[in-house]
Amino acid sequence: MTELTLAEAQRWADAYLEAWRSSDPAAIAALFTEDATYAHSPWKEPLRGADAIVSDWLAHPDPPDSWVATYGATYVCGDIAIVKGETHYPAEEHSYANLFEVRLVEGRCSSFVEWHMRMPHPA
């Protein structure tokens with residue numbers, strides 16, 4: 001098995017943002033293996049399969065001009081990447097700190113767990 005690199009993980013994170021921005025079903029599906037799992041939180045039952053993931057994304061779209069996000073791959077070990085980011089919703093005046101645990105297989109995600117926390121509103 002080839003070790004995953006930070007550059008490969010960052011390419012995936014960049015593609016994730018583009019898929020989110022576009023809501024293009026093909027771009028979303030290209031991120032994930034056919035049998036991928038996707039958990040919106042570590043305590044929720046994950047979605048199973050690329051089709052379920054695409055359907056979920058399309059059922060809850062965020063208009064591309066409603067958010068600003070920056071995500072960066074910060075750590076890799078074997079085929080696991082940790083991606084940290086921040087997502088801001090200016091019109092709603094709230095922001096989230098995000099942490100993704102992503103298992104990548106040949107550039108596609110086979111397991112995704114999202115950890116997100118609402119950031120405190122500045123005083």
Do you know which two heavy atoms are closest between [X] and [Y], and how far apart they sit?
X: A13; Y: V83; value: CB-CG1, 4.0 Å
X: R108; Y: A30; value: NE-O, 3.4 Å
X: A97; Y: M119; value: N-CG, 3.5 Å
X: V113; Y: S41; value: CG1-C, 4.3 Å
X: V76; Y: A81; value: CG1-CB, 4.0 Å
X: A73; Y: L6; value: O-CD2, 3.6 Å

Validation row: [X], [Y] side chains within 4.5 angstrom (heavy atoms):
X: L58; Y: S23; answer: yes
X: D79; Y: L104; answer: no
X: I80; Y: L4; answer: no
X: Y96; Y: E86; answer: no
X: H40; Y: L47; answer: yes

Residue pair Y71 / D14, side-chain donor-acceptor N/O under 3.5 Å: no
Please answer whether the main-chain N or O of F100 pairs with a side-chain N or O of E114 as donor and acceptor at a distance below 3.5 Å. no
Would you say W12's side chain and L31's backbone share a donor-acceptor pair under 3.5 angstrom? yes
Just wondering, more than 12 heavy atoms not from E106 lying within 6.0 Å of its CD? no
After noting the C-alpha distance and the side-chain angles of Y89 and D62, does the key distance pass the side chain to side chain contact (heavy atoms under 4.5 Å, CB included) rule? CA-CA 10 Å; Y89 293 88; D62 285 327; 2.8 Å; yes
Residue of the set F32, Y38, W57 for which ring pair (Phe, Tyr, Trp, His ring centres under 6.0 Å) holds with Y16: W57
Could you check W67 against R21 for side chain to side chain contact (heavy atoms under 4.5 Å, CB included), going step by step and ending with a plain yes or no? CA-CA 9 Å; W67 55 271; R21 187 171 286 110; 3.7 Å; yes
Test side chain to side chain contact (heavy atoms under 4.5 Å, CB included) on I82 and L99 and set out the steps. CA-CA 7 Å; I82 301 299; L99 186 70; 3.3 Å; yes
